[in-house]
Protein chains: 2
Amino acid sequence: MSTAQHLRNVPIFSDLKDNDLNIIADKMVSRSYDKGKMILLEESQGETFFIIKSGAVKVTRQSDDGREVILAILGESDFFGEMSLLDGEGRSANIISNEDSEVLTLSRSDFLDCLETYPKIAIALLEELAIRLRKSDQHIESLSLSDSEHRIAITLIRFAQELGTIKKGEVTIKNLPFQQDIANMAGTSRETVSRTIKLLEEKNLVKKNKKDLIIFNFDEFRQLFS
Amino acid sequence: MSTAQHLRNVPIFSDLKDNDLNIIADKMVSRSYDKGKMILLEESQGETFFIIKSGAVKVTRQSDDGREVILAILGESDFFGEMSLLDGEGRSANIISNEDSEVLTLSRSDFLDCLETYPKIAIALLEELAIRLRKSDQHIESLSLSDSEHRIAITLIRFAQELGTIKKGEVTIKNLPFQQDIANMAGTSRETVSRTIKLLEEKNLVKKNKKDLIIFNFDEFRQLFS
DNA sequence: TCCTCATTGTGATAATTATCACAAACGTAT
DNA sequence: ATACGTTTGTGATAATTATCACAATGAGGA
């Protein structure tokens with residue numbers, strides 16, 4: 001697939017004419033990262049905008065004592081790096097390749113030019129940031145007032161929405177992340193994740209199948225926990 | 001002060017020429033809210049953009065069982081309501097007037113027109129949302145991996161940055177919010193806030209003075225808790 | 001296959017924090 | 001000044017969850 005075709009799938013570019021899309025595509029450079037590689041380091045200067053062509057990355061923050069908080073897991077056609085381009089602050093998070101991944105990159109100045117030249121992109125980007133902010137707010141709410149069972153369930157819902165496939169009410173999350181990663185997103189411990197998923201299985205709400213997790217009745221599940 | 005002069009203080013409008021500023025100012029309508037009044041209700045449709053002319057508001061989310069999570073407290077020249085204008089979703093939070101407040105409002109269509117007409121506004125708004133997203137991420141981090149003492153201290157730091165006045169290293173937060181509000185921001189209980197602030201006083205890090213709180217050495221305090 | 005390393009499961013215990021109950025202090029209006 | 005409603009302080013207790021320790025299971029390579 002051509003670079004322009006990839007861009008077509010990215011919400012913030014999808015409104016553009018083919019012509020403009022090609023112009024932007026020409027400015028982008030492709031890079032590859034092996035699983036586990038650090039793509040962006042916290043504290044480094046933000047000079048690049050990234051779009052995920054294939055694979056997945058995790059957005060994390062690291063505390064002094066080494067504990068890791070996972071803010072999000074991003075997949076194909078998601079983008080990142082825009083934050084520090086926009087507000088000029090340093091990186092606020094680490095980005096680590098979660099699988100072998102290919103990304104498209106755009107330089108700071110090309111990115112900012114795009115925003116000035118195509119107001120539609122800026123507006124689409126505003127929309128995207130609004131959505132993310134909304135998700136963050138929900139995340140904050142859940143961390144603030146739920147017990148660990150709820151927090152873990154809500155984390156599973158996030159995975160289902162981002163990585164899941166639906167088949168008549170049943171959602172299958174293929175390749176459920178490690179318990180440690182789920183714990184780092186839900187703000188709890190790995191052991192509690194283990195015990196809680198077992199509990200959800202006993203309540204007949206979910207079922208594990210090798211590396212996959214099935215949520216039997218997604219609507220009901222959401223109702224129960226959010 | 002004229003409406004245009006108020007707008008001049010708002011980051012997203014500060015780049016505009018006087019002329020353009022006046023055009024926008026003409027479209028804005030002023031409204032007043034008494035302390036405690038609900039300005040925006042969760043779940044209602046988002047049709048208005050607001051700028052705070054004077055006073056302060058709190059941004060909250062409410063859970064089924066009535067508990068409240070405070071996402072932010074906004075003051076003069078801050079704005080809100082842009083989220084659902086941008087992504088078309090319903091309101092994600094309640095906005096309650098925290099003091100007697102005056103706000104300027106702009107209709108949905110006028111707001112979106114502004115963005116199309118003045119790309120600078122869109123870019124400045126992107127910047128602002130990026131900053132908010134960054135704060136949300138920090139908030140998530142602190143809720144995820146800190147104990148209640150840290151979370152409360154970090155909440156005090158947020159207040160200091162938004163409401164505090166500095167005098168040679170010492171920050172005074174005038175009119176510290178109620179313990180219950182602090183608890184709702186820090187994701188803990190009112191009693192724990194009471195005990196923790198006492199603890200911080202015993203450690204000679206802060207001092208209460210009637211309704212005010214003084215942080216003796218702000219840099220050190222920040223170092224300790226973030 | 002067997003071995004090894006990574007991941008998951010689970011019990012016991014300790015630490016943290018919420019909750020309840022009530023007293024003290026504070027603010028405001030009469 | 002008094003009285004009332006709101007906010008804060010604090011002890012006792014219960015509930016939740018983290019942590020530690022180790023066993024069980026699984027996945028990938030020699």
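Naming: A, B, ... by sequence-line order, numbering from 1 per chain.
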Spacing of A/Arg67 atom CZ relative to D/dT19 atom P, expressed in whole Å:
6 Å
Position toward the 5' end of DNA chain D (nearest nucleotide), B/Pro177 or A/Glu149
B/Pro177
Without decimals, in angstroms, what is the distance between A/Ile182 CD1 and C/dT7 C1'?
12 Å
Any side-chain donor near an acceptor of the partner, B/Asp219 and B/Gln223, under 3.5 Å:
no
Checking B/Arg8 side chain against B/Ser14 main chain: does a donor-acceptor pair fall under 3.5 Å?
yes
Need one value for B/Ser148: base, sugar-phosphate or nothing, where a base atom within 4.0 Å counts as base even if backbone is also close, heavy atoms only.
sugar-phosphate
Strictly distance-based, threshold 3.5 Å: is any side-chain N or O of B/Arg151 a donor or acceptor partner for the main-chain N or O of B/Thr188?
no
Under 6.0 Å from the six-membered ring centre of A/Phe79 and within 45° of its axis: does the NZ or CZ of A/Arg132 meet both?
yes
Side-chain atoms of B/Ser189 come closest, of D/dA18, C/dG9, C/dA18, to C/dA18
Go through D/dT17, D/dT8, D/dT19 for me and flag the one nearest to the A/Thr188 side chain.
D/dT17
Between A/Leu145 (CG) and D/dT16 (C1'), how many Å, whole number?
16 Å
Side-chain atoms of A/Glu191 come closest, of D/dA21, C/dT8, D/dT10, to D/dA21
For the pair made of NZ in A/Lys208 and P in C/dT7, what is the distance, rounded to whole Å?
15 Å
Would a distance-only check, ignoring hydrogens and angles, find a side-chain to backbone donor-acceptor pair under 3.5 Å from B/Ser101 to B/Ala56?
yes
Considering only C/dT19, D/dT17, C/dT8, which nucleotide approaches the side chain of A/Asp147 most closely?
D/dT17
Is there any ring pair (Phe, Tyr, Trp, His ring centres under 6.0 Å) pair reaching into residues 205-226 of chain B, and which pairs are they, with sequence neighbours excluded?
B/His150-B/Phe225, B/Phe221-B/Phe225
Roughly, in whole Å, what's the span from CZ in B/Phe178 to P in D/dT6?
11 Å
From CE (A/Met185) to OG1 (A/Thr60), nearest 0.5 Å:
11.5 Å
Starting from the 5' end of DNA chain D, give me the residue, A/Gly187 or B/Glu201, whose nearest nucleotide shows up first.
B/Glu201
How would you label the contact of B/Lys198 with the nucleic acid (heavy atoms, under 4.0 Å): base, sugar-phosphate, or nothing?
sugar-phosphate
Looking at B/Lys211, does any N or O in its side chain come under 4.0 Å of the phosphate oxygens OP1/OP2 on C/dA25?
no
Does a side-chain N-to-carboxylate-O contact under 4.0 Å join A/Asp137 and B/Arg61?
no
Think A/Lys210 has a side-chain N or O under 4.0 angstrom from the OP1 or OP2 of C/dT8?
no
Any donor-acceptor N/O pair under 3.5 Å between D/dT19 base and A/Arg195 side chain
yes
Whole Å only: how far is the CG atom of A/Asp212 from the P atom of C/dT8?
13 Å
Short side-chain N/O contact to D/dG9 OP1/OP2 from B/Gln179, under 4.0 Å:
yes
Does the side chain of A/Thr192 get closer than 4.0 angstrom to OP1 or OP2 of D/dA18 through an N or O atom?
yes
Could you work out how much the helix from C/dT1-D/dA30 to C/dT30-D/dA1 bends, comparing the axis of its first five pairs with that of its last five, to 10°?
40°
Rounded to whole angstroms, how far apart are CZ on B/Arg190 and C1' on C/dA25?
13 Å
For A/Asp181 and C/dT7, what is the distance between atoms CG and P respectively, to the nearest whole Å?
9 Å
